[in-house]
Amino acid sequence: MRKNIVAGNWKMNNSLQEGIDLAKDLQKVLNGKTIRCDVVICTPFIHLASVAKEITTIGLGAQNCADKVSGAYTGEVSAAMIASTGAKYVIIGHSERRAYYGETNVILKEKVLLALANNLTPIFCIGEVLSEREAGIQEQVVGTQIKESLFDLSPADFGKIVLAYEPVWAIGTGKTATSAQAQEMHAFIRKTIAGKYGKEIADNTSILYGGSANAGNAKELFSNPDVDGGLIGGASLGVDKFLPIIEAF
Ligand code: PEP
């Protein structure tokens with residue numbers, strides 16, 4: 001069956017030492033606790049190799065990878081390089097990458113293929129912007145993102161993907177989707193997957209919610225049948241804020 005996952009996205013925060021300390025502190029509080037979900041932290045590239053040494057039960061991920069294998073691409077970091085640090089996950093298609101760095105569904109498809117080729121689990125982000133939600137076309141937008149980036153994958157490869165539904169209007173805004181809005185979109189996403197790959201694969205796909213999730217709303221969001229955890233930005237930057245979200249399962 002599908003896994004429940006709480007993944008932190010540190011974004012562009014923390015010096016190297018601050019990141020090491022945060023990872024160490026989180027691992028320390030998790031040790032000896034009974035946790036009912038997988039816990040992942042997605043750090044900036046510079047933290048990966050050092051943080052990998054500090055964690056045992058926490059999964060490690062990057063926040064992006066290059067759409068090229070290797071070579072003369074100054075400033076880029078490849079999926080193979082990420083995997084060589086010990087990371088097992090990579091966020092692909094975060095709305096901030098789509099909006100600020102021009103990442104299209106076609107580019108993201110390449111990134112997914114390279115992540116999978118290097119045994120990284122893509123945490124693939126999808127979600128509509130506010131004007132699309134207001135126009136009532138959120139399903140069309142999210143359906144297109146999924147189809148154009150993921151639906152050429154083999155069933156076996158699709159089965160390795162984690163999805164994160166992140167309504168862009170809820171990211172970092174303090175405005176969370178209601179529990180009903182989250183469930184409605186997650187059910188639509190699962191139905192879309194079932195239409196292409198069948199019920200079994202759809203039922204086994206973890207679909208995380210992201211967008212101003214916090215200690216106060218995580219329990220209600222995660223109680224929905226199609227919400228399998230969260231991708232957490234701001235509230236993953238402190239153990240005090242992240243732990244209650246992990247413990248919401
Ligand atoms: C995110 O960056 O994926 C995110 C959901 O951020 P926040 O929790 O801060 O809204």
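Only a predicted model underlies this, so the values are computations on that prediction, with no experimental measurement involved. Each residue takes its place number in the sequence, starting with 1. Ligands are counted one by one from 1 in listed order, and the atoms in each one are counted from 1 as well.
- Partners of Asp25 according to the salt bridge (charged side-chain N to carboxylate O under 4.0 Å, His left out) rule, which considers only residues two or more places apart in sequence or in another chain, do not exist here.
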N/O donor to acceptor pairs below 3.5 angstrom from side-chain atoms of residues 125-135, sequence neighbours left out:
unit_1: Glu128; atom_1: OE1; unit_2: Tyr165; atom_2: OH; d: 2.8
unit_1: Glu128; atom_1: OE2; unit_2: Arg133; atom_2: NE; d: 2.9
unit_1: Glu128; atom_1: OE2; unit_2: Arg133; atom_2: NH2; d: 3.2
unit_1: Glu128; atom_1: OE2; unit_2: Tyr165; atom_2: OH; d: 3.0
unit_1: Glu128; atom_1: OE2; unit_2: Trp169; atom_2: NE1; d: 2.9
unit_1: Glu132; atom_1: OE1; unit_2: Val129; atom_2: N; d: 2.9
unit_1: Arg133; atom_1: NH2; unit_2: Tyr165; atom_2: OH; d: 3.1

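- Ligand 1 is surrounded by Asn9, Lys11, His94, Glu166, Ala170, Ile171, Gly172, Gly210, Gly211, Ser212, Leu231, Ile232, Gly233, Gly234, each with at least one heavy atom closer than 4.0 Å.
- Of the N and O atoms on the side chains of Lys160 and Asn119, not one donor lies less than 3.5 Å from an acceptor on the other residue.
- The shortest side-chain heavy-atom distance between Leu150 and Phe124 falls under the 4.5 Å cut-off.
- Residues Ile20 and Gln17 form a side-chain contact, since some pair of their non-hydrogen atoms from C-beta on lies under 4.5 Å apart.
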Please tabulate, for side-chain N and O atoms in residues 69-82, each donor-acceptor pair with protein atoms closer than 3.5 Å (sequence neighbours left out).
unit_1: Ser78; atom_1: OG; unit_2: Ala80; atom_2: N; d: 3.4
unit_1: Ser78; atom_1: OG; unit_2: Met81; atom_2: N; d: 3.0

